[in-house]
**Q** 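Have a look at the structure that comes next, please.
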Amino acid sequence: MSSAPTIGILAVQGDVREHVYAVEDAGARALTVRRPTELEAVDALIVPGGESTTMDKLVRAFDLYAPLRSRLDHGMPAYGSCAGMIMLADRIADARPDQQTLGGIDMTVRRNAFGRQVDSFEEDLHIRAIGGTPMRAVFIRAPWVEEVGDGVDVLARVEDGPAAGRIVAVRQGSLVATSFHPEVTGDHRFHQLFVEIVRGNA
């Protein structure tokens, strides 16, 4: 793996620009992905925040669903934040009847688990996998993880308040997901962790 891997940002919907900046700041090349040919050019993929049902429809409209599933099935590293966490989940607790995910992580997530937009909040999380000081986590209409399979490592849980103990960051092999948005805070340690996973160093 190159010292500067190419990481795609799924660019059909969501906060793409912030992830591009975070990836480049973490020492990798960023490439926006809207077409199957662009997907073929990347070593890994970030699925950004947004709205999971809309993202699901757009992935299919752009003829990306089957290529994405194939790359994930063949071991492509991926990171999903917020709606991206939902897209990488094998199961959704409250899915709409026609909603599909890309899957890959053996977990069940609940959409909008913390409430509506007005219930968005920030909290400091201690995440051993990234080390150092606590990470300021921004939750915006965020999901949480209701259950994980045996092969999934829990990286972070909510530490305070009524949702204390809820799982908000996970890893299964080269797939990682967070309920929160590390791309919006300027703290890019989670993206640095993902880049090291892509390089095979973490």
Side-chain angles (χ1 to χ4, degrees), residues 9-10 14-15 18-19 22-23 26 44-53 55-56 72 77-95 99 101-197 202:
I9 318 297
L10 184 64
D15 50 348
E18 294 86 350
H19 278 290
V23 162
L45 186 74
I46 290 177
V47 186
E51 207 290 312
S52 61
T53 54
M55 195 176 294
D56 170 40
L72 290 168
Y79 164 47
S81 65
C82 198
M85 169 182 266
I86 297 169
M87 292 293 287
L88 292 181
D90 283 347
R91 299 171 297 279
I92 306 176
D94 54 348
Q99 185 172 3
T101 70
L102 298 171
I105 300 179
D106 182 10
M107 64 180 175
T108 302
V109 299
R110 183 170 296 278
R111 300 165 55 246
N112 303 328
F114 292 97
R116 299 175 297 167
Q117 191 86 10
V118 296
D119 300 309
S120 299
F121 68 101
E122 300 181 17
E123 178 179 315
D124 288 336
L125 298 178
H126 295 79
I127 306 174
R128 188 172 64 246
I130 63 170
T133 59
M135 171 172 275
R136 192 67 174 172
V138 178
F139 295 86
I140 305 171
R141 293 184 63 202
W144 65 41
V145 179
E146 300 228 321
E147 62 177 9
V148 297
D150 292 339
V152 178
D153 293 324
V154 174
L155 302 182
R157 298 177 183 265
V158 175
E159 297 179 18
D160 296 304
R166 291 294 187 179
I167 299 169
V168 291
V170 296
R171 176 179 179 180
Q172 182 175 348
S174 61
L175 303 178
V176 291
T178 61
S179 300
F180 50 90
H181 292 265
E183 72 280 2
V184 304
T185 64
D187 183 345
H188 297 151
R189 284 178 292 164
F190 215 95
H191 289 78
Q192 290 166 353
L193 170 64
F194 183 56
V195 170
E196 291 306 307
I197 290 171

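Just so it is clear, the model here is predicted, and its values are computed rather than measured.
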**Q** Do you know which two heavy atoms are closest between Glu183 and Ser81, and how far apart they sit?
**A**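 What the structure gives for the nearest pair is OE1-OG, 3.8 Å.
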**Q** Measure the spacing between CE of Met107 and CZ of Arg91 and express it to the nearest 0.5 Å.
**A** 9.0 Å
**Q** Backbone N or O of Gln99 within a donor-acceptor pair of the Asp56 side chain at under 3.5 Å?
**A**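 It does not hold such a pair.
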**Q** Heavy atoms only: give me the nearest Gly165-Arg157 pair and the separation to one decimal.
**A**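 Here Gly165 and Arg157 meet closest at O-NH1, 2.9 Å.
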**Q** Is Leu72 close to Leu45 at the side-chain level, that is, under 4.5 Å between some pair of heavy atoms?
**A** no
**Q** Nearest heavy-atom pair of Ile167 and Ser179: which atoms, and what distance?
**A** O-OG, 4.1 Å
**Q** Take Arg111 and Ile86 through the side-chain contact (heavy atoms from CB on, under 4.5 Å) test and state the conclusion after the steps.
**A** CA-CA 7 Å; Arg111 300 165 55 246; Ile86 297 169; 3.7 Å; yes
**Q** Shortest non-hydrogen contact from Arg141 to Asn112?
**A**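 Closest approach of Arg141 to Asn112: O-OD1, 3.2 Å.
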**Q** Check whether any side-chain heavy atom of Glu123 lies under 4.5 Å from a side-chain heavy atom of Val168, and answer yes or no.
**A** no
**Q** So how far is it from Asp124 CG to Asp160 CG, rounded to the nearest 0.5 Å?
**A**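 Here the rounded value is 9.0 Å.
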**Q** For the atom pair CZ (Arg136) and CG (Leu125), what is the distance rounded to the nearest 0.5 Å?
**A**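 Those atoms lie 9.0 Å apart.
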**Q** Which atom names give the shortest non-hydrogen contact between Met85 and Pro143, and what distance separates them?
**A**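 For Met85 versus Pro143, the nearest heavy atoms are SD-CG, 4.0 Å.
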**Q** Charged N to carboxylate O below 4.0 Å: is that the case for Arg189 and Glu196?
**A** no
**Q** Do Thr185 and Met135 have side-chain heavy atoms sitting under 4.5 Å apart?
**A**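 No; the side chains remain at least 4.5 Å from each other.
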**Q** Using 30° and 60° as the class boundaries, would you call the ring planes of Phe194 and Tyr79 parallel, tilted or perpendicular?
**A** tilted
**Q** When Arg171 is tested against each of Ile105, Val154, Val176, Val152 for side-chain contact (heavy atoms from CB on, under 4.5 Å), which residue passes?
**A** Val176
**Q** Indicate yes or no for a side-chain donor-acceptor contact from Glu159 to the backbone of His126 under 3.5 Å, with no hydrogens or angles considered.
**A**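 Checking the backbone N and O of His126 against the side chain of Glu159, a donor-acceptor pair under 3.5 Å is found.
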**Q** Calculate, to the nearest 0.5 Å, the distance between atoms CG and OG1 belonging to Asp90 and Thr101 respectively.
**A** 6.5 Å
**Q** Using 0.5 Å steps for rounding, measure from the NE2 atom of His191 to the CD1 atom of Ile46.
**A** 4.5 Å
**Q** Ring-plane angle category for Phe114 and Phe139, please: parallel below 30°, perpendicular beyond 60°, tilted otherwise.
**A**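 Answer is tilted, since the angle falls between 30° and 60°.
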**Q** I need the Trp144 CH2 to Thr108 OG1 distance, nearest 0.5 Å.
**A**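 Result: 14.0 Å between the selected atoms.
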**Q** Do you know the tightest heavy-atom contact between Gly49 and His19?
**A** N-NE2, 4.4 Å
